[in-house]
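Structure record follows, encoded as structure tokens.
In what follows, every chain begins at residue 1, and chains take the letters A, B, ... in the order their sequences are listed. Every value quoted in this text rests on a predicted model; they were computed, and no experiment measured them.
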Amino acid sequence: MRKVTISEELAKFRAGFPGCRTVAFADLSTGMVLASDTSEKTTQERLDALCKRAMACLTNPETADFASAFGLDASAQPTLAWQAEPNEMHCFVKLPNPAAEALCCVASLDVAIDKLSTDAAYLLTRLASEG
Amino acid sequence: MSVQKKPDSDTDRFMRAIAAFSAAPEQVTSAGRILPLQAEGPLHAVLNEINETVLRRILVLTQGDDKTLVLDVGERRVLSVLETPSAAAAYRGAIVARTLVENDAGLLLRVLETFCAEDRPIYVSTKLPDPASPSVFDGVSARMLHDQIEKTRPADLPPHLDSAVDGCLAHAVALVAAKDGDAFLSKGDEDACARFAKIAFDWPGNPKTPTQVSLWHGAFEEGQAVLRIDASAIVIFVLCRPDGLLSCFTLWKETLFRDAEN
């Protein structure tokens, strides 16, 4: 039986969320997008920018500052981040440290953010465990 | 010789005197009784109605065909909110169908202000409540609501952010609003507020940062989440309870980007 590729998994995931325009599987330690699925043709530069944004959101010093301010080790990093802007929303889901894999989603403001996050975390865990 | 007055004349005179004292007839329609206008505006008309409701009643307040606010009132106190208008949907989860307590005065006032935002006639009809009666010591009194109005609002917080702050507090452990690194509004847990104030000082943010709402989860104790709102050169930090992070995020998203979503 043919093994389902990561791109196919991402496409299946995105199909479950009509408001989701882009989903990318990335390695935040290197800043590389490993696979992606988008509703419209996009450029590598845009995917790289999305990955960079995920790195800034999940691993920047300010979030480490949040953690240390609340009594946690400064290396504690969030595993989920949502960012809403006037026209779209970003959802970043990352595996706990030391893993560096993350799923980055771009969606409309009305997407079911809670379900998107939960399903993304489940998919990410599966993709990472399958190597 | 004194003139003996007829009993009927006395009665007529007495009735005329009583009639002179009686209130002007209230306007009643199928939607109920129209609330007497107050010089201070419709909000005070509603507060006045609450203050005059001593026996427990369900007050159904309507404005036009589309706005209904249903309150369970007794002893001049709002015991619970049973229904909010769609304009106050953001507060629904935090306030509807539970017994109110004194700390809910700010949130209840926001709901009332949202309902009374338009300067249109408000009608009220009453229903008898269910037999089960909450303690008269519960609820938010008309006096508490007046006191809440009197509280000074932070001058630096625009009204739409101010409303969202109150709505958000039901789901938050702490909230701090800062401008140029200076925390000018702190609510909730003092320790968490102090930590946020320090972060706000260390990370004052860039006035050019676009309006955005960010939430981080997974690095904090007890499943809490940190919300950061950048709007109008103001940075707001919220420490959300685990069960309130989605509500908090959605509230701010809708507050800032409602037009974009419609």
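- Here the straight-line distance linking atom CG of B:Asp230 with atom CD of A:Glu85 works out to 10.0 Å at 0.5 Å rounding.
- Atom CG of B:Leu245 sits about 8.0 Å away from atom CG of A:Leu80, to the nearest 0.5 Å.
- The shortest heavy-atom contact between B:Trp216 and A:Cys57 is NE1-O, 2.7 Å.
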Item to check | Verdict with supporting geometry, A:Met89 and B:Phe249, side chain to side chain contact (heavy atoms under 4.5 Å, CB included) | outcome: CA-CA 12 Å; A:Met89 192 151 61; B:Phe249 182 80; 3.6 Å; yes

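- Applying the salt bridge (Lys or Arg N to Asp or Glu O under 4.0 Å) test to every pair with at least one member in residues 32-52 of chain A, sequence neighbours left out, gives these pairs: A:Arg14-A:Asp37.
- The side chain to side chain donor-acceptor pair (under 3.5 Å) check on A:Thr22 picks up nothing, with sequence neighbours excluded.
- Rounding to the nearest 0.5 angstrom, the gap separating the CG atom in A:Asp110 from the OG1 atom in B:Thr250 is 11.5 Å.
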